[in-house]
Amino acid sequence: MKKISILFNVMLIVAALSSCSTVAVTGRKQLLLVSDSEVMSLSNQSFKQYMTTAKPSTDAMQTAMVARVGRRIANAVENYLRANGMSSELQNYAWEFHLIQSKEANAFCMPGGKIVVYEGLLPYTQTEDALAIVLGHEVAHAVAKHSAERMSHQLLANYGAQALGVLITNKPSTTQTLAQQVYGLGANYGVMLPYSRKNESEADHMGLIFAAMAGYNPEVAVSFWTRMASIGSSTPEFFSDHPSDVTRIAQIKKEIPEALKYYKTNSNTAPKKTFFFKPQSGRKNK
């Protein structure tokens, strides 16, 4: 019995080591205990459920713009992955970009690249460059596999040292439960719950670079987040899953020089920018 226990522990260690992954662009190491295929399957279910109640925008021009900017960023990201020996990752994405009727200033991304922008965000983006900052941020969540990482952390929180054993012996029901906890599968809201501050900051960083790769000016991120800050939030940073506006803008300013290196190379590839309307009152839930 002791030998079996030792062998099982060795198997768990090997499984843990093989589950380490590296995030594109940032190079950060992350632990992923759930497979891409499992996350994609559960994500597709949740997104399909969300779209049964969501109301697509009736503004054809803005809907096309969201899809156009999103597709440009997705293409740039895919080219980057191919050029950096990560072509195998491309099978994990099925990019979709949707504009939904809502006054909320918000956007979210499901694992695998299904991205939703609410109409209420457009008064704050105002230009295609700023919209690219938002979509780059959401694409980054998918590329960095933040949902799978969060599911893995939740697994460890739920089961501690027994996490891998639980996943190995009871995988289907365990991943289903994790999905409910992480992105609302089966719940009424059916959309992504907030990411951690670390994930949000990483998505900000990667999103700047992805937007720049697609030929959009990353410098507009400062004015965009300043406009978003005007909505206001009463939640202190310590208790929030998102960085405070001041912290976020300060960090973005530090990261812009790196993103500009990509922008200078690709600045002639982006289409003419479209200007929208002035900011209106709204609620921030980003």
Original post:
Is the closest side-chain donor-acceptor distance between H137 and D204 under 3.5 Å?
Top reply: yes

**OP:** Output, in order, the C-alpha distance, side-chain angles, deciding distance and verdict of side chain to side chain donor-acceptor pair (under 3.5 Å) for N92 and E89.
**Re:** CA-CA 6 Å; N92 298 319; E89 292 295 318; 3.1 Å; yes

Original post:
Among the clusters formed by ILVMFWY side chains lying less than 4.5 Å apart, do V222 and V246 turn up in the same one?
Top reply: no

Subject >> Sub-4.5 Å side-chain heavy-atom contact between I100 and M51 >> reply: yes

Original post:
How many angstroms lie between atom NE2 of H205 and atom CD1 of I209, to the nearest 0.5 angstrom?
Top reply: 3.5 Å

**OP:** Please name the pair of heavy atoms, one in L135 and one in G70, separated by the smallest distance, quoted to 0.1 Å.
**Re:** CD1-N, 3.5 Å

Original post:
How many angstroms lie between NE2 in H141 and NE2 in H146, if you round to the nearest 0.5 Å?
Top reply: 6.5 Å

Original post:
Is the shortest heavy-atom distance from the side chain of L81 to the side chain of V77 under 4.5 Å?
Top reply: yes

Subject >> Pairwise side-chain contact, N75 with Y80, heavy-atom cut-off 4.5 Å (strictly under) >> reply: no

**OP:** Nearest 0.5 Å please: distance from the OG1 atom of T265 over to the CG atom of L260.
**Re:** 10.5 Å

Original post:
When rounded to the nearest 0.5 angstrom, what is the spacing between CG in N199 and CD in Q30?
Top reply: 8.5 Å

Original post:
Do M206 and M86 belong together in a cluster built from hydrophobic side chains that touch within less than 4.5 Å?
Top reply: yes

Subject >> S87: partners by side chain to side chain contact (heavy atoms under 4.5 Å, CB included), with sequence neighbours left out >> reply: R82

Original post:
Below 4.0 angstrom, N of the basic side chain to O of the carboxylate: do K103 and E119 qualify?
Top reply: no

Original post:
Hey, does the side chain of E258 reach the backbone of E255 with a donor-acceptor pair shorter than 3.5 angstrom?
Top reply: no

**OP:** Go through the structure and list residues passing ring-ring contact (aromatic ring centres under 6.0 Å, His included) with H98, not counting sequence neighbours.
**Re:** F47

**OP:** Evaluate the criterion side chain to side chain contact (heavy atoms under 4.5 Å, CB included) for residue pair V220 and S223; output intermediate values, then yes/no.
**Re:** CA-CA 5 Å; V220 304; S223 57; 4.2 Å; yes

Subject >> Non-hydrogen atoms of G120 and P123 that approach each other most closely >> reply: O-CD, 3.3 Å

**OP:** Could you tell me whether a side-chain N or O of T125 sits under 3.5 Å from a main-chain N or O of L122, the two making a donor and an acceptor?
**Re:** yes

Original post:
Mind checking whether Y216 and F210 have ring centres under 6.0 Å apart?
Top reply: no

Subject >> Side-chain donor or acceptor of N106 paired with backbone N/O of Y118 under 3.5 Å >> reply: no

Original post:
Can you name the ring-ring contact (aromatic ring centres under 6.0 Å, His included) partners of Y93, sequence neighbours left out?
Top reply: W95

Subject >> Set of side chain to side chain contact (heavy atoms under 4.5 Å, CB included) partners for A148, sequence neighbours left out >> reply: L32, V34, V39, K145

Original post:
Between G207 and A140, what is the shortest heavy-atom contact and its length?
Top reply: N-CB, 4.0 Å

Original post:
Distance-only, no hydrogens or angles: does the S41 side chain make a donor-acceptor pair with backbone N or O of S37 under 3.5 Å?
Top reply: no

Original post:
Do you know the tightest heavy-atom contact between P56 and Q101?
Top reply: O-NE2, 2.8 Å

**OP:** Give the intermediate values and the outcome of side chain to side chain contact (heavy atoms under 4.5 Å, CB included) for residues I115 and E96.
**Re:** CA-CA 6 Å; I115 294 172; E96 294 181 21; over 6 Å; no

Subject >> With T63 via side chain to side chain contact (heavy atoms under 4.5 Å, CB included) - residues at least two apart >> reply: S57, L99

Subject >> Lys/Arg N to Asp/Glu carboxylate O, K114 vs E138, below 4.0 Å >> reply: no

Subject >> Reported CD-to-CZ distance for the pair E78 and R71, which is rounded to 0.5 angstrom >> reply: 5.0 Å

Subject >> CG-CD1 distance between L208 and I252, expressed to the nearest 0.5 angstrom >> reply: 5.5 Å

Subject >> Full working for side chain to side chain contact (heavy atoms under 4.5 Å, CB included) between S46 and M110 >> reply: CA-CA 9 Å; S46 188; M110 296 297 291; 3.7 Å; yes

Subject >> Shortest non-hydrogen separation from L121 to A107 and the atoms involved >> reply: CD2-CB, 4.1 Å

Subject >> salt bridge (charged side-chain N to carboxylate O under 4.0 Å, His left out) evaluation trace for R28 with E149 >> reply: CA-CA 12 Å; R28 180 177 64 87; E149 183 175 20; 2.7 Å; yes

Original post:
How would you list, by chain and number, every residue that makes a side chain to side chain contact (heavy atoms under 4.5 Å, CB included) with A212, sequence neighbours excluded?
Top reply: P218, A259, Y262, Y263

**OP:** Return the minimal non-hydrogen interatomic distance between Y124 and F224, and the atom names on each side.
**Re:** O-CD1, 3.4 Å

Subject >> Distance-only polar pair, side chains of Q45 and Q49, donor-acceptor under 3.5 Å >> reply: no

